[in-house]
**Student:** 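If you scroll down you'll find the structure; I have some questions about it.
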Amino acid sequence: MKSRLKILLREALDTLHRDGVVPRVPGTIPVERTRDPAHGDFATNLALALAKAAGRKPRELAEALAAALPAAPEVARVEVAGPGFLNFFLAPAAFQAVVREVLEAGRRYGRSELGGGRRVQVEFVSANPTGPLHVGHGRGAAYGAAVADLLSAVGYEVHREYYVNDAGRQMDILATSVWLRYLELCGEEVAFPENGYQGDYVWDIAAALHRENGEAMRKPWDEVARNLPPDAPAGDKEAHIDALIHRARTLLRDDQYRLVFDVALNYILDDIREDLEQFGVIYDEWFSERALVDSGAVLKAIERLQKSGHTYEKDGAIWFRSSDFGDEKDRVLVRENGQTTYFASDIAYHMNKLERGFERIIDVWGADHHGYVPRVKAALEALGDDPGRLDVLLVQFAVLYRGGQKVQMSTRSGEFVTLRQLRKEVGTDAARFFYVMRRCEQHLDFDLDLARKQSNDNPVYYVQYAHARVCSVFRQLEEKGLAHHRDRGLAALDRLTESHETELLRELSRFPEVVESAALQHEPHQLAQYLRELATAFHTYYNAHTFIVDDDALRDARLALIDATRQVLANGLELLGVSAPERM
RNA sequence: GCGCCCGUAGCUCAGCUGGAUAGAGCGUUGGCCUCCGGAGCCAAAGGUCAGAGGUUCGAAUCCUCUCGGGCGCGCCA
């Protein structure tokens with residue numbers, strides 16, 4: 001509807017341009033929904049924006065624009081108002097036609113081909129596979145999935161990817177932690193390191209290892225601990241754990257160490273994959289950092305930077321001159337000990353993404369990684385790629401509240417709240433919805449009591465209830481021995497003239513605009529907000545009027561309207577990964 | 001110290017990239033079930049858009065500074 005007005009305005013502008021009234025026709029034509037019904041249904045500030053360039057008074061230009069506007073049946077009248085706004089009053093039929101549009105498009109209503117099949121990659125969550133996902137990852141998962149689904153809905157070809165950091169030091173700490181627990185299961189008296197992973201899942205992996213390998217990997221604790229630098233609090237816990245890792249590798253040799261490592265990695269990856277699946281988040285690809293390293297891509301990336309002259313050596317390390325590209329300081333690519341950094345892998349990874357032909361790449365990161373953005377963009381620029389093709393979306397933390405109190409979390413002790421626990425406590429639907437209710441830049445206060453509540457306070461239930469209520473009306477219809485004649489309803493849409501009906505029609509017509517805006521701006525909260533408003537319009541209508549009336553045509557028209565409402569609620573909820581139940 | 005994000009009703013947040021009289025939900029107060037699900041609806045009260053300057057026809061929105069809150073500033077990942 002909005003785009004129809006834009007077309008009309010463009011034609012009018014072309015006319016004015018030909019007549020020499022306006023010097024140029026702008027690329028985008030702003031059309032907005034009005035807040036105040038007195039201002040019509042849609043408005044444009046075109047005249048205000050072009051007045052200066054045209055050398056005319058805004059109101060005068062608006063009059064000219066109105067006069068040049070081609071006639072259209074859906075536009076009842078056009079008014080010049082205020083400082084120079086052009087207000088459009090649409091014919092009732094224009095809104096009534098939305099019912100037909102929705103019912104004919106069905107699940108496709110709201111979708112578009114705007115993206116033209118262009119390929120976009122969305123990488124999200126990508127948590128280190130060193131433990132179960134916690135509630136912080138949950139927000140990234142819900143948000144990333146919603147952004148991906150929205151982009152896909154507006155016609156992009158979306159590739160969902162999880163970057164598996166299976167090559168770093170954290171993984172070595174995990175593998176070593178597992179092995180130490182394994183030794184304990186073998187009966188060794190182990191002084192578990194301060195910096196090791198403490199969670200119960202480490203015991204579970206160790207037990208699996210023990211089951212499958214018996215005591216084949218047992219070494220006496222005396223031998224393991226011999227001459228290690230002291231652990232905290234007396235010593236340096238970092239030095240201690242590094243020495244311990246080194247000792248594990250030496251004693252186990254490569255093949256056994258790799259076995260422990262892989263058992264741990266696969267156990268946790270399987271767990272994460274299952275967790276996300278149950279959260280309704282499915283990936284197209286799980287991309288391994290180790291595979292990237294093994295392929296030589298990391299060395300190749302470093303080489304490319306060296307050849308283009310953006311690196312130098314200092315203190316035995318190889319540095320990337322990222323400060324030349326806006327980063328606050330230079331970064332190490334290859335350490336003094338010859339090992340490449342995580343950053344080097346990440347450059348190779350992003351190179352790889354672009355090489356795979358994605359037109360745009362989107363990274364969803366936790367806000368604590370924001371300092372990392374300039375250096376990745378710097379690397380892309382240094383490599384001759386356009387950093388503008390990368391969008392990094394930073395998601396702020398979620399803080400859980402229970403009984404009005406902040407829920408304390410500590411990753412270290414293993415007492416964190418996992419995503420799985422959250423799902424169990426409030427359900428997937430509530431979790432998915434709550435996570436995307438706020439802008440991603442906004443800290444999220446996640447009220448667990450509210451998410452569990454089954455009342456109108458809870459926005460998820462409120463929206464789902466609207467859907468279930470429509471379904472209930474149709475069940476009621478059947479119980480009364482009646483049937484819905486859709487065609488009769490569609491033929492009688494002009495009977496939908498009550499203010500509540502007009503309001504509901506207006507909401508339904510907004511849906512495609514909301515989906516488009518939410519997708520392009522990467523803001524699923526717009527959709528969540530919209531669904532609540534649509535549900536309100538429906539509940540209000542429900543209370544004000546009876547649908548199952550004696551007048552056949554009116555009844556069928558109203559039923560068509562609420563059926564369309566049900567469809568839009570379902571379509572919207574699906575994009576957020578929330579179910580649309582027929583009864584609750 | 002430097003950088004990024006945030007500051008809007010008592011609370012939690014929207015505000016369509018600069019538009020017309022700043023909006024919701026919760027909470028508070030007062031109403032609505034002989035009727036399709038009361039898991040609902042209606043109404044009222046509630047604001048110096050953190051503060052101060054600036055840009056222009058017009059600012060919650062853009063720029064500068066100040067004050068508050070969060071997060072970063074590793075040869076960790």
Side-chain angles (χ1 to χ4, degrees), chain A residues 30-36 38-39 43 45 48-49 51-52 57-58 81-85 87 127-128 130 165 167-171 173 238 289 314-319 328-329 331-343 345-346 366-374 394 396-397 399 401 404 437-445 447 450 453-459 461-462 464-466 468-477 479-480 510 513-514 517-518 521 523 525-526 528-529 532-533 535-536 538-549 558-559 562 583-584:
Chain A
V31 175
E32 292 182 337
R33 294 212 170 227
T34 58
R35 242 196 312 255
D36 186 344
H39 299 145
N45 63 353
L48 288 155
K52 193 175 270 182
K57 287 183 182 156
F85 291 103
N87 293 339
N128 280 346
T130 52
N165 297 127
R169 173 168 174 265
Q170 295 304 322
M171 277 307 298
I173 295 178
E238 304 289 348
E289 180 190 358
K314 192 182 85 183
D315 306 330
I318 299 176
W319 296 69
E328 49 187 26
K329 55 193 209 183
R331 310 290 173 178
V332 172
L333 297 171
V334 183
R335 287 185 279 234
E336 194 182 359
N337 65 11
Q339 284 189 331
T340 57
T341 57
Y342 173 81
F343 177 47
S345 297
D346 227 12
D368 53 336
H369 286 69
H370 69 80
Y372 204 75
V373 179
L394 299 168
Q396 296 286 340
F397 294 126
V399 182
Y401 287 84
M437 259 186 341
R438 306 291 174 226
R439 278 166 45 221
C440 68
E441 300 95 328
Q442 192 72 246
H443 283 267
L444 177 69
D445 285 341
D447 185 337
L450 180 61
K453 221 158 151 186
Q454 309 215 343
S455 74
N456 59 330
D457 315 357
N458 184 342
Y461 280 91
Y462 184 77
Q464 288 182 318
Y465 178 49
R469 219 175 194 185
V470 176
C471 297
S472 168
V473 171
F474 279 92
R475 283 194 297 269
Q476 195 66 34
L477 184 74
E479 275 174 33
K480 291 191 174 176
R510 270 177 64 203
E513 294 161 27
V514 171
S517 171
Q521 296 181 58
E523 292 187 346
H525 78 271
Q526 289 186 25
Q529 201 87 12
R532 225 171 31 83
E533 284 160 15
T536 298
F538 169 73
H539 286 308
T540 303
Y541 178 38
Y542 181 96
N543 272 271
H545 297 282
T546 306
F547 310 142
I548 305 179
V549 291
R558 287 184 170 171
L559 290 172
I562 66 168
R583 45 180 104 222
M584 298 167 68

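In what follows, chains are A, B, ... by sequence order, proteins preceding strands, each numbered from 1.
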**Student:** Taking for each residue the nucleotide of RNA chain B with the nearest heavy atom, is it A:A535 or A:R532 whose nucleotide lies nearer the 5' end?
**Tutor:** A:R532
**Student:** What is the distance, rounded to the nearest whole Å, between atom CZ of A:F474 and atom C1' of B:rC36?
**Tutor:** 11 Å
**Student:** So A:Y541 and A:F547, would you call those rings parallel, tilted or perpendicular, with 30° and 60° as cut-offs?
**Tutor:** tilted
**Student:** Please classify the nucleic acid contact of A:N337 as base, sugar-phosphate, or nothing, using heavy-atom distances under 4.0 Å.
**Tutor:** nothing
**Student:** A:K453 or A:D368: which one's nearest nucleotide on RNA chain B is closer to the 5' end?
**Tutor:**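 The 5'-side residue here is A:K453.
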**Student:** Partner of B:rU12 by Watson-Crick or G-U wobble geometry, both contacts under 3.5 Å, or none?
**Tutor:**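 Base partner found: B:rA24.
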**Student:** Across the strands shown, which category fits A:S455 at heavy-atom distances under 4.0 angstrom: base, sugar-phosphate, nothing?
**Tutor:**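 It contacts sugar-phosphate atoms only.
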**Student:** Could you tell me how far apart A:E441 (CD) and B:rU61 (P) are, to the nearest whole angstrom?
**Tutor:** 17 Å
**Student:** Can A:F85 be called stacked on B:rA20 when the rule is centres closer than 5.5 Å and an angle between planes below 30°?
**Tutor:**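 A:F85 vs B:rA20: stacking yes.
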**Student:** Between A:T536 and A:R532 (side chain of the first, backbone of the second, donor and acceptor by atom type, cut-off under 3.5 Å), is there such a pair?
**Tutor:** yes
**Student:** Please report the distance, rounded to the nearest Å, between CZ in A:R33 and P in B:rA20.
**Tutor:**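 The distance from CZ of A:R33 to P of B:rA20 comes to 17 Å, rounded to the nearest Å.
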**Student:** I'd like to know if the side chain of A:N128 and the backbone of A:T130 have a donor-acceptor N/O pair within less than 3.5 Å.
**Tutor:**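 Judged by distance alone, no pair lies under 3.5 Å.
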**Student:** If B:rC36 has a Watson-Crick or G-U wobble mate with both distances under 3.5 Å, name it; if not, just say none.
**Tutor:**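 With both distances under 3.5 Å required, B:rC36 matches none.
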**Student:** Rounding to a whole Å, what distance do you find between A:Q454:CD and B:rG38:P?
**Tutor:**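 So the two atoms are 16 Å apart, to the nearest Å.
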**Student:** Is there a donor N/O on one and an acceptor N/O on the other, under 3.5 Å, for the side chain of A:H370 and the base of B:rC5?
**Tutor:**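 It does not, because no donor-acceptor pair links the side chain of A:H370 to the base of B:rC5 below 3.5 Å.
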**Student:** Taking pairing as Watson-Crick or G-U wobble with both contacts under 3.5 Å, can you name the mate of B:rG7, or confirm there isn't one?
**Tutor:** B:rC67
**Student:** Using a heavy-atom cut-off of 4.0 Å across all strands, would you classify A:T546 as base, sugar-phosphate, or nothing?
**Tutor:** base
**Student:** Quick one: what's the B/S/- string for nucleotides 9-15 of chain B, heavy-atom cutoff under 4.0 Å, read 5' to 3'?
**Tutor:** ---SSSS
**Student:** Go ahead and name the base partner of B:rC73; Watson-Crick or wobble counts if both distances stay under 3.5 Å, otherwise write none.
**Tutor:** B:rG1
**Student:** Check whether A:Y542 forms a cation-pi arrangement with A:R469 (NZ or CZ under 6.0 Å from the six-membered ring centre, at most 45° off the ring normal).
**Tutor:** yes
**Student:** To the nearest angstrom, how far is A:L559 atom CG from B:rC36 atom C1'?
**Tutor:**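 Whole-Å distance recorded here is 9 Å.
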**Student:** Need the pair for B:rG46. Rule: Watson-Crick or G-U wobble, both distances under 3.5 Å, any strand; none if unpaired.
**Tutor:** none
**Student:** In whole Å, what is the span from the CD atom of A:E238 to the C1' atom of B:rA77?
**Tutor:** 12 Å
**Student:** To the nearest angstrom, how far is A:M584 atom CE from B:rG38 atom P?
**Tutor:**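 One finds 14 Å between P of B:rG38 and CE of A:M584, rounded.
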**Student:** Say whether, by atom type as modelled, one donor and one acceptor occur between the side chain of A:S472 and the main chain of A:A468 under 3.5 angstrom.
**Tutor:** no
**Student:** In the structure shown, which nucleotide is the Watson-Crick or G-U wobble counterpart of B:rC41, with both distances under 3.5 Å?
**Tutor:** B:rG31
**Student:** Does any donor atom in the side chain of A:S455 or A:Y462 lie under 3.5 Å from an acceptor atom in the other side chain?
**Tutor:**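 No pair is found: no donor N or O on one side chain lies under 3.5 Å from an acceptor on the other.
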**Student:** Taking atom C1' in both B:rC11 and B:rG27, compute the distance separating them and give it to the nearest angstrom.
**Tutor:** 7 Å
**Student:** Can you give me the N/O atom pairs linking the protein to nucleotides 56-58 of chain B at distances under 3.5 Å, or say none if there are none?
**Tutor:**
none

**Student:** Hey, mind stepping through A:K314 and A:E336 against salt bridge (Lys or Arg N to Asp or Glu O under 4.0 Å) and telling me if it holds?
**Tutor:** CA-CA 9 Å; A:K314 192 182 85 183; A:E336 194 182 359; over 6 Å; no
**Student:** With sugar-phosphate meaning primed atoms plus P, OP1 and OP2, does A:A43 contact a base, only sugar-phosphate, or nothing at under 4.0 Å between heavy atoms?
**Tutor:** base
**Student:** Can you measure A:Q339 atom CD to B:rA77 atom C1' for me and round it to whole angstrom units?
**Tutor:** 13 Å
**Student:** For a quick check of understanding: with a heavy-atom distance under 4.0 Å over all strands, which category does A:F343 fall into, base, sugar-phosphate or nothing?
**Tutor:** nothing
**Student:** Just name whichever nucleotide pairs with B:rC62, Watson-Crick or G-U, keeping both distances under 3.5 Å, else none.
**Tutor:**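 Check on B:rC62: paired to B:rG54, both distances under 3.5 Å.
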**Student:** Would you mind classifying the nucleic acid contact of A:K329 as base, sugar-phosphate or nothing, using non-hydrogen atoms under 4.0 angstrom?
**Tutor:** sugar-phosphate
**Student:** Between the side chains of A:E523 and A:Q526, is a donor N or O closer than 3.5 angstrom to an acceptor N or O?
**Tutor:** yes
**Student:** Could you tell me whether a side-chain N or O of A:N87 sits under 3.5 Å from a main-chain N or O of A:A43, the two making a donor and an acceptor?
**Tutor:** no
